[in-house]
There are 2 protein chains.
Amino acid sequence: MLKYSVIDETLKALAEPTRRAIVERLSKGPASVSDVAAPFDMSLAAVVQHLQVLEESGLIKTEKIGRVRTCSIEPKGWGTLADWIADRRTVMERKFDRLGEILAEDDTPTNKRKRKGKQK
Amino acid sequence: MLKYSVIDETLKALAEPTRRAIVERLSKGPASVSDVAAPFDMSLAAVVQHLQVLEESGLIKTEKIGRVRTCSIEPKGWGTLADWIADRRTVMERKFDRLGEILAEDDTPTNKRKRKGKQK
DNA sequence: CGAATACTAAAGTGTATGCTTAAGTATTCG
DNA sequence: CGAATACTTAAGCATACACTTTAGTATTCG
């Protein structure tokens with residue numbers, strides 16, 4: 001319930017099997033809403049809702065021409081996601097370099113005594 | 001719902017601001033449950049629940065010694081996540097090569113798609 | 001020992017999310 | 001034109017999720 005961010009919407013969008021399946025379909029090429037929906041055992045309206053979440057997150061984009069809406073991957077959204085993960089891994093690996101195998105065995109006592117009683 | 005998978009739990013775990021903040025804290029080094037919880041304006045029990053989700057997803061690991069549970073990053077979980085994203089991007093980029101700049105630029109309102117490839 | 005510490009476990013609550021169905025709006029085709 | 005197509009919108013519902021509070025269990029310290 002903290003603040004919103006791009007990475008938040010991106011990860012929320014992908015944290016759903018149906019939406020990941022949609023994304024995997026689109027990563028092979030653009031498709032209409034109906035085409036995207038076809039393989040799924042759910043209503044077209046439900047798939048449309050998933051597509052909206054994906055579009056708002058910036059992972060895909062859509063464009064309506066005539067009565068057909070064509071959906072495709074939006075590379076930019078994937079960049080920010082990959083960057084965030086890469087950042088985390090960089091910090092971790094720097095830590096590994098610095099501390100050797102401490103994380104691997106991690107019995108080091110981080111006994112920072114907190115004497116503040118503030119628990120909430 | 002479809003079937004569960006490792007990547008599903010991983011992404012669900014990270015699709016939450018508090019859990020990402022925890023992960024960012026731990027990526028700088030191991031910490032006790034209390035230490036992890038300290039910066040957050042919520043009960044310790046709530047933070048423990050987040051830690052459980054993160055541990056079940058394989059992104060962190062914990063070990064209890066005495067009365068202190070120490071939490072740390074589990075690099076393996078991050079590998080599977082990064083791999084999944086890398087896979088998606090690989091497929092996309094192969095597609096971009098094939099379709100040229102169609103996916104990259106079509107923000108322009110004048111979208112005359114030249115159909116120089118099979119669409120489906 | 002008994003009190004403080006550091007979690008742990010369980011039950012409950014409000015809201016968000018993933019669906020459904022039904023009805024409506026454009027657009028294309030014969 | 002009128003019917004078929006391709007969504008679109010809205011409302012409702014059941015479950016999942018992020019918390020809360022309360023109470024309990026180990027472990028350490030004076």
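Reminder, nothing fancy here: chain letters follow the sequence lines and each chain counts from 1.
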- [ ] Quickly work out the D35(A) CG to dA6(D) P distance and round it to whole Å.
- [x] 9 Å
Open item on the list: In whole Å, I'd like the distance from the CD atom of E9(B) to the P atom of dA16(D).
Closed with: 14 Å
Open item on the list: Using a 3.5 Å limit on both distances, find every run of at least three consecutive Watson-Crick or G-U pairs that involves DNA chain C.
Closed with: C:1-30 with D:1-30
Task: Protein-nucleotide distance (D8(A), atom CG; dT17(C), atom C1'), rounded to Å - done: 14 Å
- [ ] Work out which heavy atom in A13(A) is nearest to a heavy atom in L59(A); give both atom names and the distance.
- [x] CB-CD1, 4.0 Å
TODO: List in chain and number order the residues that pass side-chain contact (heavy atoms from CB on, under 4.5 Å) with A15(B), two or more places apart in sequence or in another chain; answer none if no residue qualifies.
DONE: L11(A), K12(A), A15(A)
Task: Salt-bridge contact D8(B)-R20(A) (side-chain N to carboxylate O under 4.0 Å) - done: yes
Task: Nearest-0.5 Å distance that lies between atom CG in L14(B) and atom OG in S57(B) - done: 6.5 Å
- [ ] Figure out the CD/C1' separation between Q52(B) and dA18(D), and round it to whole Å.
- [x] 13 Å
Task: Pairing residues for E55(B) by the side chain to side chain donor-acceptor pair (under 3.5 Å) criterion, not counting sequence neighbours - done: T62(B)
Using a cutoff of under 3.5 Å, can you pull out all pairs of nitrogen or oxygen atoms linking the protein to nucleotides 26-30 of chain C, with atom names and distances?
unit_1, atom_1, unit_2, atom_2, d
dT27(C), O2, R67(A), NH1, 3.2

Task: Residues forming a side-chain contact (heavy atoms from CB on, under 4.5 Å) with A82(B), sequence neighbours excluded - done: I85(A), R89(A)
Open item on the list: Between S32(B) and dA6(C), is there a contact of a side-chain N or O with OP1 or OP2 at under 4.0 Å?
Closed with: no
Review item, nucleotides 20-23 of chain C N/O atoms under 3.5 Å of protein N/O:
unit_1, atom_1, unit_2, atom_2, d
dT20(C), OP2, S43(A), N, 2.9
dT20(C), OP2, S43(A), OG, 2.8
dT20(C), O4, Q49(A), NE2, 3.1

- [ ] Take the protein atom NZ of K12(B) and the nucleotide atom C1' of dA18(D), then report the distance between them rounded to whole Å.
- [x] 15 Å
TODO: Would you name the heavy atoms of I73(B) and V23(B) that are closest together and state the gap between them?
DONE: CD1-O, 3.9 Å
Task: side chain to side chain donor-acceptor pair (under 3.5 Å) against W84(B), all qualifying residues, sequence neighbours excluded - done: E24(A)
- [ ] Determine the minimum heavy-atom distance between R25(A) and A31(A), stating which atoms define it.
- [x] NH2-CB, 3.3 Å
Under 3.5 Å donor-acceptor pairs involving side-chain atoms of residues 40-54 of chain A, not counting sequence neighbours:
unit_1, atom_1, unit_2, atom_2, d
S43(A), OG, A46(A), N, 3.2
H50(A), ND1, R19(A), NH1, 3.1

Task: Distance test, side-chain N/O of T62(A) to OP1/OP2 of dC7(D), below 4.0 Å - done: no
Task: Nearest-nucleotide comparison on DNA chain C, the residue closer to the 5′ end among A15(A) and V33(B) - done: V33(B)
- [ ] When you get a sec, tell me which of dG18(C), dA18(D), dC7(D) is the closest nucleotide to the side chain of H50(B)?
- [x] dA18(D)
- [ ] Look up atom CD1 in I7(A) and atom CG in L81(A), then write down how far apart they are to the nearest 0.5 Å.
- [x] 5.0 Å
Task: S34(A) side chain near dT5(D) phosphate (N/O to OP1/OP2, under 4.0 Å) - done: no
TODO: Could you pull out the closest heavy-atom pair between C71(A) and V33(A), with the gap in Å?
DONE: SG-CG2, 4.1 Å
Open item on the list: Which nucleotide wins on minimum distance to the side chain of V68(A), given the candidates dC7(D), dC19(C), dG18(C)?
Closed with: dC7(D)
Open item on the list: Measure CD/E55(B) against P/dC7(C) and give the value in whole Å, please.
Closed with: 13 Å
Open item on the list: In this structure, how many angstroms lie between the C1' atom of dC19(D) and the CG atom of L51(B), rounded?
Closed with: 15 Å
